Trainee: 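Let me give you the structure first, and then I'll get to my questions.
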2 protein chains.
Amino acid sequence: MDWQTLLAKAGYRLSEPRKRIMKLMETAEKPLNPLAIHRILREQGIHLGVVSVYRTLELFFALGLISQVFQADGLVGYLPASFGHHHFIVCQKCQKAVEFSGSEDMRELVQRVQTETRYQVSDHLLQFYGLCPECQALLEAGGNS
Amino acid sequence: MDWQTLLAKAGYRLSEPRKRIMKLMETAEKPLNPLAIHRILREQGIHLGVVSVYRTLELFFALGLISQVFQADGLVGYLPASFGHHHFIVCQKCQKAVEFSGSEDMRELVQRVQTETRYQVSDHLLQFYGLCPECQALLEAGGNS
DNA sequence: CTATTATTGAAAATGTTTTTCAGTTAGCAT
DNA sequence: ATGCTAACTGAAAAACATTTTCAATAATAG
């Protein structure tokens, strides 16, 4: 089920700004924050107000259509969220973000944390940082000179 | 080694605002953001500028003396960071945050992510959300009525 | 096609963070 | 203990980011 169907089923309209914003995020390789989205779309000649960006992101995030991605520089950006449980890994050099799946591997850790803290775990935030293949290759090419 | 020694060894001074801010975070059970820290200290009769709060948090974070804690409501707060590898679990009801240790349990996941994405993992962001013992107890007490 | 109302964006308002710079203070040397 | 230095402070201003207000526009159901 694509995002447009999900949006309609949730009772929201498919407006032009919403389409443009989602399309931009779908074609972006790195997370984009509200002001960056606004600037880029303006540069592309698409006329929209910054408040629409904020509202759209807020709605899409609430509906689970997009995910927050925490960049190494402290900024928070957004990228489309695929169906099911997923997280992102972000390149510390070029900010390119790629999704990886699931949380099956964390069961032991969750158990330990629950035992250790006596909290009842219900959710988690997980993200990795590292170097993407391309930046690794650049680094290795530079390292050999 | 306590935070004061670490700060001195890094070449920074132990000013009154810095002491007050750290003390507040040390006695807080929930993460505090810059404006909350400023407000609370002002309410306690401690006169300091909001810019000192921002600068102090920035420095302490850079030195690893405090950690960012992502609250369920989307806000980011800070709490003292203990030595070594650690993360936080935050109560979704009362915001109380407790630290838990380490990342030994994540080795398998890291391996899988590296294989899956071909990224070279160097860091990660991990936080859990759930109910603290006290809120669990309150919920159970309410559930039985 | 029309009517309805969700959605938009400009402008204003509000909130947050950073810069500037003169005054204050932590801590080192004597 | 005292003096000195430069790190640090905070008020004010500036800059930046986000939200509110409200009339106009547009998506979509009938």
Side-chain angles (χ1 to χ4, degrees), chain A residues 1-25 31-63 65-66 68-71 73-78, chain B residues 1-25 31-63 65-66 68-71 73-78:
Chain A
M1 197 159 15
D2 66 351
W3 72 270
Q4 302 194 353
T5 308
L6 283 170
L7 191 68
K9 278 190 177 300
Y12 297 99
R13 297 184 184 186
L14 196 57
S15 66
E16 195 64 21
R18 288 173 179 171
K19 288 184 204 169
R20 298 295 196 166
I21 290 166
M22 181 59 94
K23 181 170 179 182
L24 176 60
M25 285 191 284
L32 298 170
N33 65 47
L35 294 175
I37 290 169
H38 184 244
R39 178 178 48 78
I40 293 166
L41 289 176
R42 283 293 184 109
E43 285 168 359
Q44 293 177 355
I46 296 157
H47 189 83
L48 87 167
V50 72
V51 71
S52 294
V53 178
Y54 280 102
R55 279 188 300 217
T56 299
L57 292 177
E58 180 185 354
L59 175 64
F60 284 2
F61 182 67
L63 294 178
L65 303 180
I66 58 176
Q68 285 185 323
V69 181
F70 302 90
Q71 290 162 280
D73 60 11
L75 299 181
V76 181
Y78 292 89
Chain B
M1 199 160 8
D2 66 350
W3 72 271
Q4 302 194 353
T5 309
L6 284 170
L7 191 69
K9 278 190 179 300
Y12 296 99
R13 298 182 184 188
L14 198 56
S15 66
E16 196 63 20
R18 288 173 179 171
K19 288 184 204 168
R20 298 297 195 163
I21 289 166
M22 181 59 94
K23 181 169 179 184
L24 176 60
M25 285 192 283
L32 298 171
N33 65 47
L35 295 173
I37 289 170
H38 183 243
R39 178 179 49 79
I40 293 167
L41 288 176
R42 282 296 185 109
E43 286 169 358
Q44 293 177 353
I46 295 156
H47 188 83
L48 88 167
V50 72
V51 71
S52 295
V53 178
Y54 279 102
R55 280 189 299 219
T56 299
L57 292 176
E58 180 185 354
L59 175 64
F60 284 3
F61 183 67
L63 293 178
L65 303 182
I66 57 176
Q68 286 184 324
V69 181
F70 302 90
Q71 290 163 280
D73 60 10
L75 300 181
V76 180
Y78 292 91

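Residue numbers start from 1 in every chain, and the chains themselves are labelled A, B, ... in the order their sequence lines are given, proteins ahead of strands. Scope of the values below: all heavy atoms of this structure, side chains included, with no hydrogens, waters or symmetry mates. Treat the numbers as computed from the prediction; the structure is a model and nothing was measured.
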Trainee: What is the distance from NE2 of His38(B) to P of dG15(C), rounded to the nearest Å?
Mentor: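 Rounding to the nearest Å, NE2 of His38(B) and P of dG15(C) are 15 Å apart.
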Trainee: Using the test side chain to side chain donor-acceptor pair (under 3.5 Å), find all partners of Glu58(A) that sit at least two apart in sequence or belong to another chain.
Mentor: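 Applying side chain to side chain donor-acceptor pair (under 3.5 Å) to Glu58(A) gives none.
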Trainee: What's the closest nucleotide to the Arg18(B) side chain, out of dA11(D), dC8(D), dT8(C)?
Mentor: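 My answer, after comparing the listed nucleotides, is dC8(D).
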Trainee: Pairs under 3.5 angstrom only: tabulate donor-acceptor contacts from the side chains of residues 43-56 of chain A to other protein residues two or more places apart or in another chain.
Mentor:
| unit_1 | atom_1 | unit_2 | atom_2 | d |
| --- | --- | --- | --- | --- |
| Thr56(A) | OG1 | Ser52(A) | O | 2.7 |

Trainee: Find the distance Leu7(A):CG to dA27(D):C1' and express it as a whole number of Å.
Mentor: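 For the pair Leu7(A) CG and dA27(D) C1', the rounded distance is 12 Å.
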Trainee: Can you tell me the distance, in whole Å, between the CG atom of Leu59(A) and the C1' atom of dT8(C)?
Mentor: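 So the two atoms are 14 Å apart, to the nearest Å.
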Trainee: Identify the two heavy atoms, one from Ala36(B) and one from Leu32(B), that lie closest to each other, and give their separation to 0.1 Å.
Mentor: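 Closest approach of Ala36(B) to Leu32(B): CB-CD2, 4.5 Å.
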Trainee: Which residues satisfy the side chain to side chain donor-acceptor pair (under 3.5 Å) test with Gln68(B), sequence neighbours excluded?
Mentor: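 Once residues adjacent in sequence are excluded, the partners of Gln68(B) under the side chain to side chain donor-acceptor pair (under 3.5 Å) criterion are Tyr78(B).
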Trainee: Rounding to an integer number of Å, can you tell me how far Ile46(A) CD1 sits from dT8(C) C1'?
Mentor: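 These atoms are roughly 15 Å apart.
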Trainee: Please give, in whole Å, the distance from dT19(C) C1' to Glu58(B) CD?
Mentor: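 Going from CD in Glu58(B) over to C1' in dT19(C) covers 13 Å.
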Trainee: Using OP1 and OP2 only, check whether a side-chain N or O of His47(A) sits under 4.0 Å from dA10(C).
Mentor: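 Yes, because at least one side-chain N or O of His47(A) sits under 4.0 Å from OP1 or OP2 of dA10(C).
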Trainee: Between P on dT28(D) and NZ on Lys9(A), what's the gap in Å once rounded to a whole number?
Mentor: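 That distance rounds to 15 Å.
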Trainee: Might you list the N or O atoms of the protein lying below 3.5 Å from N or O atoms in nucleotides 13-16 of chain D, with each pair's distance?
Mentor:
none

Trainee: OP1, OP2 of dT7(C) versus side-chain N and O of Arg55(A): anything below 4.0 Å?
Mentor: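 No, because none of the side-chain N or O atoms of Arg55(A) sits under 4.0 Å from OP1 or OP2 of dT7(C).
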Trainee: Could you tell me how far apart Ile37(B) (CD1) and dG10(D) (C1') are, to the nearest whole angstrom?
Mentor: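 Interatomic distance, CD1 of Ile37(B) to C1' of dG10(D): 17 Å.
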Trainee: When rounded to the nearest 0.5 angstrom, what is the spacing between CG in Leu59(B) and CD1 in Ile66(B)?
Mentor: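 Between Leu59(B) CG and Ile66(B) CD1, I get 8.5 Å after rounding to 0.5 Å.
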Trainee: Mind checking side chain to side chain donor-acceptor pair (under 3.5 Å) for Arg18(A) and listing every partner two or more places apart, or none if nothing turns up?
Mentor: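 Per chain and number, Arg18(A) pairs via side chain to side chain donor-acceptor pair (under 3.5 Å) with no residue.
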Trainee: Please tell me which of the listed nucleotides, dT19(C), dA17(D), dT9(D), lies nearest to the side chain of Val51(B)?
Mentor: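 For the Val51(B) side chain, the nearest candidate turns out to be dT19(C).
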Trainee: Pairs of donor and acceptor atoms involving the side chains of residues 4-12 of chain A, under 3.5 Å and at least two apart or interchain, shall be tabulated with distances.
Mentor:
| unit_1 | atom_1 | unit_2 | atom_2 | d |
| --- | --- | --- | --- | --- |
| Thr5(A) | OG1 | Asp2(A) | OD1 | 2.5 |

Trainee: In terms of side-chain heavy atoms of Tyr54(A), which of dT19(D), dT9(D), dA11(D) is nearest?
Mentor: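 Among the listed nucleotides, the one closest to the side chain of Tyr54(A) is dT19(D).
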Trainee: If you define the side chain from C-beta out and look only at heavy atoms, does anything of Leu57(A) sit under 4.5 Å from Met25(A)?
Mentor: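 SC-SC contact between Leu57(A) and Met25(A) confirmed.
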Trainee: Could you go over nucleotides 26-28 of chain C and give all protein N or O partners under 3.5 Å, atom names and distances?
Mentor:
| unit_1 | atom_1 | unit_2 | atom_2 | d |
| --- | --- | --- | --- | --- |
| dA26(C) | N3 | Arg13(B) | NH1 | 2.8 |
| dG27(C) | OP1 | Leu14(B) | N | 2.9 |

Trainee: Report the distance from atom NE2 of His38(B) to atom CG of Leu24(B), rounding to the nearest 0.5 Å.
Mentor: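 Between atom NE2 of His38(B) and atom CG of Leu24(B) there are 12.0 Å.
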